[in-house]
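As the structure lists them, so they are numbered: ligands from 1, and atoms in each ligand from 1. Given the structure is predicted, the values throughout are model-derived calculations rather than measurements.
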Amino acid sequence: MFVLEKIAQYAKDENRKAVIYHDKVMTYAELEQFSNAFADFLLKNGKDKSPVVIYGHKEEEFLPCMYGALKAGRAYVPVDITFPADRLEMVLSDVSPEFFVTLRDTDVAVCEGTKRLNVNEIDEIFKSYKGGAIDSANWVKPEDNCYILFTSGSTGRPKGVPINRANIENLASQLIPWCDIEASTDIITNQISFSFDVSVVSVYMGVSLGKTLYTIDKTMMETPASLYEGLENSNLSFWVSTPSFAELCAMSEHFNEKMLPNLKRFLFCGETLTHKLVDLLHERFPNADIVNTYGPTEATVLVTASLITREMAEDQKPIPIGEPLPEVEFRIVDSEGKPVKEGETGELQIISDNVGHGYYGRPDLTQKAFFETESRGVKKRGYRTGDACYQCGKLYYFCGRMDFQIKLNGYRIELEDIENNMVKVENVSRAVVIPVMKEEKVDYLAAFVLSTKEIDGPKLREITRIKSELAKLVPNYMVPRRIVLCSSLPTNTNGKVDRKELAKQL
Ligand code: AMP
């Protein structure tokens, strides 16, 4: 597999830096050694080929465990610390892993047969298993899954999206040219949590090009001073993130070319790129270009890429999501599945070998979203994105979702996921979550809540209680910022809750 071969190749240069994590450096030689050690451990102690679940957030051990799993012919399931215990338990019960790596403490219950490996045990494995290079015959095969990412699911249970080696290799052949830029230093951001697919750009493309991954973790992001100090020291040349993260950085006027003099490219993915951000970056980084990409986890990270020109920035239309990658076909269809005319809005379907094989253990959901079709005379997989889009010339434009899925600060959220978890909170009989928009994007979430009984005591106390109970069931970013307690909900002529009416009340 290309990325594993490249790590071994770069490891020959003793000093080549693979990852910078706070003030520590891991070289490619160490990355090779630690991933070999973990693979050796898995091969010697494992009984099956079940995926390895890795819980944590950007720790130095995370990447060697991921590549080690691949070398031992297993997929990995990265679970970020934003997942509360309840969700982590759901992932564990869906995957039934033989090995569960906990780089952060968690007292979550595990299934019978699952062995926990904490960070000290992982460090010990890195030291004591020194088997040398792992025979590539053990590595994941093209049809084997490399990772499974769990995204928000409308039923209130996250759904797993497995992506296999062939999917990633197919993406790499089309995406690497966009990442292979000339720069005096080759340092790429390592900011996106590994449980979010955009991190694949750094983990697979960045590493296979021998770049240094510069880690920006949650602790750095929590204090602006340490974030800016980190950026100042980074010497980044290639920026990969959601637009939201760049917006956060841009809150300081010092986020400019002086702070990052070697920056050559911003590559964005995951949510709407606004005119405002494009204008700001063009002004503050006149020597860096901006690439917008688009794609769902189900179609292996991204399926478009386009350089955002000054002309596009000045255009009245939204910033385009770009042109499909060479091997990708787009179809925009109406509600009956028939192609619409150019310029008309419809649902975007992606037809490509980048499209995965469905949801993990969920044939019912797979059947609804995935299909088989012919493209340019060849049998291909297709995916119904649920994204409303239109085409203008070679470019495609995103105009929002056709369902209740939204993006908030880059996080993919099904509003029904929050609603279904809110009703598990004591005294909540019904909840309706409404995204509040600002400048083309979701600004925050508000929830209208019906109680099962009269609230005694102050409303604020009740709201605080609902929020803290909900935070035990869903990640923090899914807890609505505003909660409105109400005694009834408006309905439309179909008898359904009138979400538009509720949105007007905010
Ligand atoms: P995820 O699976 O988390 O990558 O989320 C995929 C969804 O994010 C897509 O179906 C879109 O709704 C949205 N999305 C991804 N990239 C973009 C983009 N460049 N512009 C607008 N929305 C995007």
Side-chain angles (χ1 to χ4, degrees), residues 78 80 82 147-154 158-163 167 171 175 178 192-201 240-247 266-278 290-308 312 317-325 328 330 332 345-350 352 354-356 358-360 365 369-370 382-390 395-415 417 435 437 439-442 475 477-478:
D80 192 73
T82 45
Y147 59 76
I148 306 170
L149 299 185
F150 278 79
T151 79
S152 177
S154 58
K159 54 186 184 206
V161 182
I163 293 299
N167 294 140
L171 170 69
L175 183 59
W178 288 95
I192 298 161
S193 66
F194 296 129
S195 55
F196 178 23
D197 67 338
V198 180
S199 63
V200 164
V201 180
V240 183
S241 81
T242 57
S244 290
F245 179 60
E247 276 159 7
F266 287 94
L267 187 145
F268 291 116
C269 190
E271 59 178 347
T272 301
L273 174 62
T274 61
H275 275 284
K276 195 174 167 191
L277 183 61
V278 167
I290 303 173
V291 174
N292 194 20
T293 72
Y294 152 92
T297 308
E298 288 84 340
T300 321
V301 192
L302 55 91
V303 284
T304 70
S306 273
L307 214 53
I308 301 305
M312 291 172 187
K317 288 204 284 296
I319 299 292
I321 56 171
E323 271 184 58
L325 293 173
V328 175
F330 275 2
I332 297 185
T345 302
E347 185 186 23
L348 177 69
Q349 297 185 341
I350 300 168
S352 166
N354 290 27
V355 171
Y359 297 107
Y360 194 70
L365 297 179
F370 293 78
Y383 173 67
R384 300 180 182 89
T385 62
D387 287 328
C389 291
Y390 66 90
L395 295 171
Y396 285 79
Y397 293 82
F398 174 80
C399 356
R401 290 289 304 175
M402 309 184 78
D403 56 13
F404 295 131
Q405 183 184 298
I406 56 118
K407 278 284 171 122
L408 175 61
N409 297 330
Y411 292 110
R412 170 168 161 177
I413 301 170
E414 296 277 355
L415 298 177
D417 190 354
M437 308 296 290
E439 288 163 5
E440 310 169 55
K441 286 174 76 172
V442 177
Y477 57 78
M478 286 171 67

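Checking side-chain atoms of T304 against main-chain N and O of Y294 turns up a donor-acceptor pair under 3.5 Å. Judged purely by atom type and a 3.5 angstrom limit, E298 has no side-chain atom pairing as donor or acceptor with the backbone of Y383. Between the side chain of K407 and the main chain of G270, a donor-acceptor pair closer than 3.5 Å is present. Side chain of T297 to backbone of D197: no donor-acceptor contact under 3.5 angstrom is found.
Between L149 and F194, the shortest heavy-atom distance links the atoms CD2-O, 3.7 Å. Of all heavy-atom pairs between E271 and G410, the closest is OE1-N, 3.0 Å.
Less than 4.0 angstrom separates some heavy atom of R401 from each of these atoms of ligand 1: 10 (O), 12 (O). Annotation for ligand 1: atoms under 4.0 Å from non-hydrogen atoms of T293 are 18 (C), 19 (N). Listed by number with element, the atoms of ligand 1 under 4.0 Å from a non-hydrogen atom of G295 are 4 (O), 6 (C), 15 (C), 16 (N). Atoms of ligand 1 lying under 4.0 Å from at least one heavy atom of T297, given by number and element, are 1 (P), 2 (O), 3 (O), 4 (O). Listed by number with element, the atoms of ligand 1 under 4.0 Å from a non-hydrogen atom of T272 are 20 (N), 21 (C), 22 (N). For ligand 1, the atoms sitting less than 4.0 Å from at least one non-hydrogen atom of D197 are 4 (O), numbered in the order shown with element in parentheses.
Heavy atoms of V198 found under 4.0 angstrom from ligand 1: none, in either backbone or side chain. Of all the heavy atoms of F268, none lies under 4.0 Å from any atom of ligand 1, so neither backbone nor side chain is involved. Only the side chain of I321 comes within 4.0 Å of ligand 1, counting heavy atoms alone; its backbone N, CA, C and O stay farther away. Within the 4.0 Å heavy-atom criterion, the part of F398 lying near ligand 1 is the side chain and not the backbone. At a 4.0 Å heavy-atom cut-off, ligand 1 touches E271 through the backbone alone.
Qualifying ring-ring contact (aromatic ring centres under 6.0 Å, His included) partners for Y396, counting only residues two or more places apart in sequence or in other chains: F330.
For ligand 1, the polar-atom distance check finds an N/O of R412 within less than 3.5 Å of one of the ligand's N/O atoms. When only interatomic distances are considered, the shortest N/O to N/O separation between E298 and ligand 1 does not fall below 3.5 Å. The shortest N or O to N or O distance between Y294 and ligand 1 is not under 3.5 Å. For ligand 1, one of its N or O atoms has an N or O atom of G270 under 3.5 Å away.
Among protein heavy atoms, atom 5 (O) of ligand 1 sits closest to K407 NZ, 2.9 Å. Atom 11 (C) of ligand 1 has D387 OD2, 3.3 Å as its closest protein atom, hydrogens excluded (heavy atom only).
Two residues are said to be in side-chain contact when any heavy atoms from C-beta on lie closer than 4.5 Å; T385 and Q349 fail this criterion. The closest side-chain heavy-atom distance from P475 to D80 is not below 4.5 Å.
Two rings, from Y359 and F370, have their centers less than 6.0 Å apart.
Separating the CG atom in N292 from the CG atom in L273 is a distance of 4.5 Å, to the nearest 0.5 Å.
At least one heavy atom of F196 sits closer than 4.0 Å to an atom of ligand 1.
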